[in-house]
Amino acid sequence: MIAQNPFDLFRQECQTVLTVAIKKTLPEITPPAINLKRTANLDFGQLATSLCFELAKKLNQKPILVAKNLVAAVNNSTFEFIEKVEPAGAGYINFHVNFPKFNALILESIKTLNKNYGLVKTDQPKSIIVEHTSVNPLHPIHIGQARNPMLGDALSRILQCRGHNVSRHYYIDDVGRQSSVVAYGYSKLGRPKPNEKADLFVGKIYTVTSCIVEISRLKKGKASSSNTSSADDLAKINKEIDEWTSIAVELKEKYPILFETLMEKIGEDADPEEEINSLNRSYEDGSPDAKNLIREVSDLCLEGFRQTMKRVGVTYDSWDWESDFVWSTQVSEVMAKLKASQFVFSEKGVLEFDAEKVIKTFDLKSKLGLSDNHEISPLTLVRADGTTLYTTRDIAYTIWKFKNAQKVINIIGMEQSLAQLQLKIALYAMGYCENADNLVHFAYNLVTLPGYKMSSRRGHYITFDEVLDEAIQRAYSEVSKRSPSLSDEEKHDIANFVGLGAVRYALLDVDPGKPVVFTWERVLNFETNSAPYVQYTHARACSILRKVEHKPEYLNLELLTERLERELILALAEFPDIFVEATEYLKPNIIADYINTLADKFNTFYNAYPVIKAKTPELSDARIALTKAIQIVLKNALTLIGVFAPEKM
RNA sequence: GGGUCCGUGGCGCAGCACGGAUAGCGCGUCAGCCUUCUAAGCUGAACGUCAUGGGUUCAAAUCCCAUCGGACCCGCCA
């Protein structure tokens with residue numbers, strides 16, 4: 001017998017048995033919902049309920065007495081996967097699984113379903129768009145941003161395995177002012193061909209241009225306001241100038257030629273700030289020159305991104321240009337619709353969206369999980385010069401996404417929580433209520449460097465490529481140390497998947513809501529609780545399986561009676577539940593936790609008992625079957641989070 | 001000032017949605033294990049007022065309130 005979720009058969013059986021017993025002994029009582037939980041410990045059985053504590057109150061009896069009475073009423077003649085039911089502790093009911101039968105159920109299910117084991121399909125498949133990465137095409141993807149594609153890719157993988165139709169979208173934010181900044185610098189340089197990785201090249205131009213323009217803007221502001229402004233304001237401007245000046249010194253040292261050239265060329269313009277704003281306006285208007293220029297520099301940068309993402313096995317189904325939504329009528333349609341609603345007001349010639357009014361009108365506060373005193377601030381939709389703002393364009397983009405999907409999951413940093421909420425509220429205001437309900441902001445916290453916050457504008461960042469390079473390099477020296485006899489080609493091969501796996505795992509295994517402080521030791525961990533540890537464990541299992549020469553004709557899985565073996569069987573049985581939970585609650589990190597736990601248990605088992613040279617050939621065969629099942633599950637789980645499962649390392 | 005998220009051994013984390021039996025794990029520290037299937041491994045020891053104070057409950061790391069501490073947001077940036 002096999003099952004998609006074999007543990008569920010046991011759970012269902014416990015549920016039924018208990019329900020019948022309650023009806024029989026307590027017909028007059030409407031029982032509370034039965035909540036069966038996994039136990040902390042094998043001795044407490046495999047599932048337990050604390051139901052009797054609640055019943056005890058209604059019945060005015062001691063909980064353990066209620067438990068005893070219920071257990072006495074259980075009909076054990078019909079047991080299939082239950083071995084026994086026991087009252088325990090102060091009033092628990094513990095259900096013990098029948099391991100002889102259960103072993104076979106689990107191991108045969110895994111063997112038969114193989115690479116599909118654990119990946120339980122939903123009965124409500126949906127089309128889902130996962131938007132992730134979406135790094136602005138201005139500079140290389142840095143380690144802080146790399147958490148995004150790791151989460152987005154893992155989520156996409158698990159949702160797809162769940163049976164959903166997943167489409168991965170990259171939103172190219174080419175419309176904001178910052179795109180005009182880099183394009184301005186790039187054109188001042190005469191649109192040079194990159195002499196290095198394109199995103200790195202673009203990043204330098206962006207940082208230097210941005211710095212030069214910023215200083216010029218601040219100085220101009222200071223000059224024009226020195227008579228009118230307060231001393232405080234002036235001090236503030238001076239402080240900013242000092243800050244940018246020190247950045248300029250840094251950049252001048254790092255890229256002397258680039259800095260000098262840009263300084264000179266930008267100096268030719270009387271008002272660089274206005275040049276940039278004008279370029280921004282032209283781009284939104286769709287002027288061919290502006291389009292040509294900005295798309296060219298953006299494409300350069302994106303080419304670099306594609307190379308980086310290819311290294312880590314992240315792919316996209318759609319690259320969506322923000323500008324396309326501006327040039328088409330989609331953004332203006334959104335504006336027209338919002339303007340016609342009662343939720344937009346004009347202040348100093350600027351259009352504002354009154355999110356709070358929408359919430360009050362449609363009574364959304366509790367639906368959105370907002371506390372009573374949580375007021376949502378208004379959102380500016382359009383600048384005085386008529387150009388749109390990021391969130392406004394995102395509204396049009398989101399509506400477009402829902403033309404192609406039933407559900408939209410945006411992987412976006414938690415610093416954008418307010419904007420994402422305003423966006424959702426705008427959908428309600430426009431009548432797209434169902435879409436709004438199906439819009440999910442998957443928020444994650446920042447990755448910071450100890451010491452200072454990463455800032456792409458200031459050129460303070462460690463690129464994702466650098467981290468990957470360093471990871472692979474460190475992995476290479478580990479391999480050389482641990483397996484000196486391997487060929488250089490093999491070493492490089494291993495170093496590659498070990499390094500990449502380590503980085504992926506490190507960015508994935510922390511709760512997305514918590515910040516990660518980046519340190520090399522943390523990210524490039526090759527010991528327990530890391531991808532290399534799990535990869536090693538997988539390779540170890542493969543190594544045992546390679547050494548098995550015969551195929552067992554008759555398997556007696558009842559022989560797996562050691563406590564560790566039972567714990568392993570249970571851990572294997574748990575995988576479908578973990579997968580479903582990870583999918584339904586969007587928690588890819590629990591997959592990472594799970595494989596580590598499973599690997600731990602297998603390594604303990606490995607050290608405690610011989611597999612091939614077990615006491616009897618029958619026991620050996622049973623343990624080989626167990627090892628095979630573990631290898632399959634480790635591989636399935638690693639694949640879910642995008643980590644390679646090697647056969648040797 | 002208002003809001004959101006977070007606070008668990010020296011350090012880094014899990015557990016909290018759905019309250020239940022002795023709070024798990026890694027690093028680091030200490031003591032051990034390779035003539036036996038991969039030592040990127042394993043075994044043992046030490047280390048905890050689960051930020052603090054109340055409340056709800058038979059039962060609180062988990063739920064509620066307050067306080068303190070940290071991060072982030074409140075822009076005609078994205």
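Quick note on labels: first sequence line is chain A, next is B, and so on, each numbered from 1.
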(request) For the pair A/Tyr594 and A/Phe575, name the ring-plane relationship: parallel under 30°, tilted 30 to 60°, perpendicular over 60°. (result) parallel
(request) Scan nucleotides 2-14 of chain B nucleotide by nucleotide, 5' to 3', and note B when protein non-hydrogen atoms come under 4.0 Å of the base, S if they reach only the sugar-phosphate, - if neither. (result) -SSSSS----SSS
(request) Flag this pair as yes if the NZ/CZ of A/Arg38 is under 6.0 angstrom from the six-membered ring centre of A/Phe7 and inside a 45 degree cone about the axis; otherwise no. (result) yes
(message) What is the separation between atom CG on A/Asn525 and atom P on B/C27, rounded to the nearest whole Å?
(response) 8 Å
(request) Under a 3.5 Å limit for both distances, which nucleotide forms a Watson-Crick or G-U wobble pair with B/U56, could you say? (result) none
(message) Going by the glycosidic torsion and a 90 degree boundary from 0, is the base of B/C74 oriented syn or anti?
(response) anti
(request) Mind checking side-chain hydrogen bond (donor to acceptor under 3.5 Å, both in side chains) for A/Asp320 and listing every partner two or more places apart, or none if nothing turns up? (result) A/His169, A/Ser318, A/Tyr397
(request) Look through every strand shown and name the nucleotide pairing with B/G69 as Watson-Crick or G-U wobble, where both distances are under 3.5 Å. (result) B/C6
(message) Under a 3.5 Å cut-off for both contacts, is B/C25 paired Watson-Crick or G-U wobble with anything, and if yes, with which nucleotide?
(response) B/G12
(message) Need the pair for B/U43. Rule: Watson-Crick or G-U wobble, both distances under 3.5 Å, any strand; none if unpaired.
(response) B/A31
(message) Please check this pair: side chain of A/Glu490 against backbone of A/Ser487, looking for a donor-acceptor N/O pair closer than 3.5 Å.
(response) yes
(message) With rounding to the closest Å, how many angstrom separate the C1' atoms on B/U43 and B/C34?
(response) 14 Å
(request) Provide, to the nearest angstrom, the distance between the CG atom belonging to A/Asp394 and the P atom belonging to B/C77. (result) 16 Å
(request) Take atom CG of A/Asn596 and atom P of B/G15, then tell me their distance rounded to the nearest Å. (result) 13 Å
